[in-house]
Amino acid sequence: SEFIEFRDVRKVYKMGEVEIPALDGVSFQIKKGEFVVIAGASGAGKSTILNILGGMDTCTSGEIMVDGEEVSKMDARQLTTYRRYDIGFVFQFYNLVQNLTARENVELAVQICKNPLDVDQTIEAVGLRERRNNFPSQLSGGEQQRVAIARALAKNPKLLLCDEPTGALDYQTGKSILKLLQDTCRQQQMTVIVITHNLALTPMGDKVIRVKSGKIRSIEVNEHPKPVE
Ligand code: ADP
Ligand code: ADP
């Protein structure tokens, strides 16, 4: 059975008189525990998909189901709850609080959660035990992204949404972050969705959804997704 379902989702941004169709009838399905890569050029609609799936934006029409809940029918208050408890976000530029340490960044995020994981165990799991008392400015880009991943995972979300998680990192560091995401997916049956313009990431996906001009171009299932080494 499907964990996530997009059915004929449309999104039109209105800028005064001008209407920009960002998503034009997008449908796809994702199973629990899948590692999904959504790939496409800049402007294709990837962020719009992620924002709608994460409850940060709403669609113009269509239906979005996540774990049996109809996200597309939620009001603003329900969406806030959904974002807070169900979704972990990882961004390209980490979005850490600069005047809090690594550990404090994770602690802050779990304070408002229902069933958070243990902060120290989560920091350990992303390989940052030695660095937990450092501030973001004292950490490398890869380490900052690990903090951001720990912050997202410690919420114990149903779904981890990653927006160009390797986009600001060099090749080797990006690889180590992808490996962490893929390992997390495998070990915790976490559903992980990565959006990227980088086609080098597609061999790693259990499922690869290609978008172009607000439409699905193709959906492939990789029987043998490439492990990131
Ligand atoms: P991608 O993430 O693949 O680069 P986006 O989802 O950001 O693509 O954008 C899809 C389309 O929607 C683009 O034409 C973009 O210019 C437009 N768009 C995205 N966000 C907005 C917005 N807030 N207001 C108006 N247009 C937007
Ligand atoms: P190859 O098997 O082609 O030598 P590697 O073993 O070096 O590739 O890397 C494994 C895969 O991970 C490759 O498909 C590579 O393109 C991809 N990859 C690793 N790190 C990154 C990154 N930061 N950004 C994009 N793709 C990456």
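Keep in mind that this is a model prediction, so the values were computed, not measured. The figures that follow rest on heavy atoms only: side chains count, while hydrogens, waters and symmetry mates do not.
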Point to revise | Of all pairs that satisfy side-chain hydrogen bond (donor to acceptor under 3.5 Å, both in side chains), the ones with a partner from residues 16-26, not counting sequence neighbours | key: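 Residue pairs passing side-chain hydrogen bond (donor to acceptor under 3.5 Å, both in side chains), neighbours aside: Arg10-Asp24, Asp24-Lys215.
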Point to revise | Selection residues 189-206 - residue pairs positive for salt bridge (charged side-chain N to carboxylate O under 4.0 Å, His left out), sequence neighbours left out | key: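 Pairs touching residues 189-206 that pass the test: Arg186-Asp206.
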Point to revise | Ile38 backbone acceptor or donor facing Lys46 side chain under 3.5 Å | key: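 Absent.
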Practice item. Tell me, please, which residues at least two apart from Glu143 pass salt bridge (Lys or Arg N to Asp or Glu O under 4.0 Å). Key: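 With sequence neighbours excluded, Glu143 shows a salt bridge (Lys or Arg N to Asp or Glu O under 4.0 Å) to Arg131, given in chain and number order.
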Please enumerate all residues that pass side-chain hydrogen bond (donor to acceptor under 3.5 Å, both in side chains) together with [X], with sequence neighbours excluded.
{"X": "Lys32", "answer": "none"}
{"X": "Lys73", "answer": "Glu70"}
{"X": "Gln188", "answer": "none"}
{"X": "Thr196", "answer": "Glu164"}

**Study point:** Other ILVMFWY residues reachable from Tyr85 by side-chain steps of under 4.5 Å
**Key:**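 Grouped by the 4.5 Å side-chain rule, Tyr85 forms a cluster of one, so the answer is none.
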Practice item. Could you identify which residues cluster with Met15, counting Ile, Leu, Val, Met, Phe, Trp and Tyr as linked when any side-chain heavy atoms lie under 4.5 Å apart, either directly or through a chain of such contacts? Key: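 Members other than Met15 - counting any ILVMFWY side chain reachable under 4.5 Å - are Tyr13, Val18, Ile20.
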Show every ring-ring contact (aromatic ring centres under 6.0 Å, His included) that has at least one partner inside [range], sequence neighbours left out.
{"range": "residues 15-74", "answer": "Phe6-Phe28"}
{"range": "residues 183-206", "answer": "none"}
{"range": "residues 92-136", "answer": "none"}

Review point. Hey, are Glu2 and Lys31 close enough for a salt bridge, meaning a charged N less than 4.0 Å from a carboxylate O?
Key: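 Here Glu2 pairs with Lys31 in a salt bridge, since their nearest N and O are under 4.0 Å apart.
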Review point. Which of these passes side chain to side chain donor-acceptor pair (under 3.5 Å) with Lys11: Asp57, Thr48, Asn51?
Key: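 Of all the options given, the one that passes is Asp57.
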